[in-house]
Amino acid sequence: MTQLMLYNTRTRAKELFVPLDAENVRAYLCGPTVYDRAHLGNARNVVIFDILIRLLRRLYPRVTYVRNITDIDDRINERAAARGVTIEEVTEGPVRWYHEDMGALYTLPPDIEPRATEHLPEIIEIIERLIANGHAYEAEGHVLFSVASDPAYGKFSGRSTDELIAGARVDVAAYKRDAGDFVLWKPSSPDLPGWDSPWGRGRPGWHIECSAMSWKHLGENFDIHGGGDDLIFPHHENEIAQSCCAFPGSNFANVWVHNRMLLVNGEKMSKSLGNFFTLNEVLDKAPGEAIRFLLMRSHYRSTLDFSEAGIKEARAELDRFYRAIQQHPGADREVAVMLVFDALLDDLNTPAAIAALHKYADLALAGNAAGAAALKTAGKLLGLFNMTPEEWFRGGIDQGAIEGLIAQRVLARIAKDFAESDRIRDVLLKEHGVIIEDKPGGAYEIRKA
RNA sequence: GGUCCGGUGGCAGAGUGGUGAUGUAGCGGACUGCAAAUCCGCGUAUGUGGGUUCGAUUCCCGCCCGGACCUCCA
């Protein structure tokens, strides 16, 4: 297989990916709402999309990757109000953390990172279009999208409008014509952030922000839209409704790529369940590359149950790869890595790609330099092996603090005082977190525990 | 309640209508003063009951179990 197959949520089938413009593939990923630290679930989403972008860049001359920042949101407003600061002051830290955390996972930055606050004109224009062509209406200072006006509404997420109305579990505001109608614009009281609009001072709803930003930077039609599968409804259903109704005849995104949820103890991570991990917390426990690797050890359309054991296994596998690379320092030539390439082309089958990585590592460990070259080439495709083996195994070790102990141990071994050499080995491990391994001929090697 | 998805060895996790990848853990061996790493070898799995088929883990139906979504959610 030489062509990319992707599962498309829209058609519920794996399809051959055909770009609208092979000279410029255009992709959009729903980015963070910046009111707090990014969590592991966000990270899975971004890492998976990162692998897709890397693959697309191998296949096409140009890829435009847009990932937005949602900086207009009621949770942001709540924090701003609670702390008595502006929304810029609330979002500044989370935006910086997000960039730091995603960088620590070696994800590529998007080409364009639009912010909702910079797209009010586009948001307002889309709402005006929707009102003009009968898909939206104004009511009590709000502007609402009329789901009844859009025969296609609900098709994407596979639900009927009746079902949505019957299933509505929230109190339905009296000004809504249908229970399923959703907010495009809502009024802001003087104490809340707001922007002037034809409907008074207010702020946009969440869904319209993504419609506006993707339109501005990728156009009415683009290739790929990604996100977590919990966004299928209502967020993506609503984006489609807004964009397709505002731009009649448009198709919005052709292919929808959704990753399944990351679970902790078998359940979706959430603050209320107390099984919530921020990326920052996890990065304290393990190298970013190990977290990245952990997130690609299961297929993106399967749930992934996060655990400490998983982190350990991810590290152990990377140890193996770095050992293989370490044996062939000169093997930097790019070589064909069909096993890995084919696995990724088949709907981003990262577990199969990793299995292929192990095959290459087997070769490299058996002394085959071409195997090491393949391993490195494949790793690059997956965003792995960003360090040298030296950094991976020994980065952060305080050489000065342990060189005396190591010298003593060398002497003890020469004297065949194994009780002493074992004692020192134990001290190195327990007090310095350093494993020392003996090699033939009196040589040794150290690495982090 | 409605819609959807999934149940593969101790654990993690792919694929497939025809004797089930890969990793990790475990066990045995080689190597080592002992370890570690590496190498060789071993073992254990397709939730359950039917159906279709020459043959099903794979397709269909029931059941059991788990998860997601049903307007905060990656």
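All chains are named by letter (A, B, ...) in the order of the sequence lines, taking the proteins before the strands, and each is independently numbered beginning at 1.
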Note to self: Using the side-chain heavy atoms of A/D230, tell me which of these nucleotides is nearest: B/A74, B/A14, B/C5.
What the structure shows: B/A74

Notebook entry, point to check: Mind pulling the stems RNA chain B is in, i.e. runs of at least three Watson-Crick or G-U pairs, everything under 3.5 Å?
Noted result: B:1-7 with B:64-70, B:10-12 with B:22-24, B:26-30 with B:38-42, B:47-51 with B:59-63

Check: Where the side chain of A/A352 is concerned, which of B/U71, B/G2, B/A14 is the nearest nucleotide?
Finding: B/A14

Next item on the list: Answer whether the closest heavy-atom distance between the side chains of A/N280 and A/D101 falls below 4.5 Å.
Entry: yes

Margin query: In the structure I gave you, are the side-chain heavy atoms of A/F17 and A/D223 within less than 4.5 Å of one another anywhere?
Written below: yes

Notebook entry, point to check: What is the nucleic acid contact for A/L262, judged by heavy atoms within less than 4.0 Å: base, sugar-phosphate only, or nothing?
Noted result: base

Next item on the list: Please tell me which of the listed nucleotides, B/C70, B/G13, B/C5, lies nearest to the side chain of A/R159?
Entry: B/C70

Check: When all nucleic acid strands are considered with a 4.0 Å heavy-atom cut-off, which category describes A/G310: base, sugar-phosphate, or nothing?
Finding: nothing

Check: Is the shortest distance from a Lys or Arg side-chain nitrogen in A/K268 or A/D230 to a carboxylate oxygen in the other one below 4.0 Å?
Finding: yes

Polar atom pairs (N or O), protein with nucleotides 17-20 of chain B, under 3.5 Å:
none

Check: Touch check for A/K312, heavy atoms < 4.0 angstrom, all strands: base, sugar-phosphate only, or nothing?
Finding: nothing

Checklist line | Enclosure of A/K186 NZ (heavy-atom neighbours >12, cutoff 6.0 Å) | finding: yes

Next item on the list: Select base, sugar-phosphate, or nothing to describe what A/I354 touches, counting heavy atoms under 4.0 Å on all strands.
Entry: nothing

Notebook entry, point to check: Between A/D305 and A/R75, which has a closest nucleotide on RNA chain B that is more 5'?
Noted result: A/D305

Checklist line | Strand-adjacent residues in residues 43-55 of chain A, judged by heavy atoms under 4.0 Å from RNA chain B | finding: A/N45

Next item on the list: Identify, between A/G266 and A/N42, the residue whose nearest nucleotide on RNA chain B lies closer to the 5' end.
Entry: A/G266

Notebook entry, point to check: Taking the six-membered ring of A/Y300, is the NZ or CZ of A/R44 close enough (under 6.0 Å from the centre) and on axis enough (within 45°)?
Noted result: no

Note to self: Need one value for A/G41: base, sugar-phosphate or nothing, where a base atom within 4.0 Å counts as base even if backbone is also close, heavy atoms only.
What the structure shows: base

Checklist line | Distance test, side-chain N/O of A/S302 to OP1/OP2 of B/A14, below 4.0 Å | finding: yes

Item checked: Lys/Arg N to Asp/Glu carboxylate O, A/D74 vs A/R203, below 4.0 Å -> yes

Note to self: Any donor-acceptor pair, under 3.5 Å, between the side chain of A/H258 and the base of B/A74, if you only look at N and O atoms?
What the structure shows: no

Note to self: For A/Y65 and A/F49, take the angle between the two ring planes, folded into 0 to 90°, and tell me which bin it lands in: parallel under 30, tilted 30 to 60, perpendicular over 60.
What the structure shows: tilted

Next item on the list: Could you tell me whether A/E92 and A/R96 make a salt bridge, using a distance below 4.0 angstrom between a side-chain N and a carboxylate O?
Entry: yes

Note to self: Side-chain N or O of A/N238 versus OP1/OP2 of B/U71: is the shortest distance under 4.0 Å?
What the structure shows: no

Note to self: Among residues at least two apart in sequence or on other chains, which ones pass side-chain contact (heavy atoms from CB on, under 4.5 Å) with A/Y444?
What the structure shows: A/I406, A/V410, A/I436, A/D438, A/I446

Next item on the list: Among residues two or more places apart or on two chains, list those pairs meeting side chain to side chain donor-acceptor pair (under 3.5 Å) that have a residue in residues 350-361 of chain A.
Entry: A/E317-A/H358, A/R320-A/H358

Notebook entry, point to check: If only atom types and distance count, is the side chain of A/D50 paired as donor or acceptor with the main-chain N or O of A/L108 below 3.5 Å?
Noted result: yes

Notebook entry, point to check: What nucleic acid atoms does A/H39 come within less than 4.0 Å of, heavy atoms only: base, sugar-phosphate, or nothing?
Noted result: base

Note to self: Run A/N42 and A/M102 through side-chain contact (heavy atoms from CB on, under 4.5 Å) and show every step you take.
What the structure shows: CA-CA 9 Å; A/N42 298 300; A/M102 294 310 162; 4.2 Å; yes

Next item on the list: Report yes if the side chains of A/Y322 and A/T388 come closer than 4.5 Å at any heavy-atom pair, otherwise no.
Entry: no

Note to self: How would you summarise protein contacts on nucleotides 23-37 of chain B per nucleotide, using B for base, S for sugar-phosphate only and - for none, with heavy-atom distances below 4.0 Å?
What the structure shows: BS--------BBBBS

Next item on the list: Using atom types as modelled and distance alone, determine if a side-chain donor or acceptor of A/T377 lies under 3.5 Å from a backbone N or O of A/V335.
Entry: yes

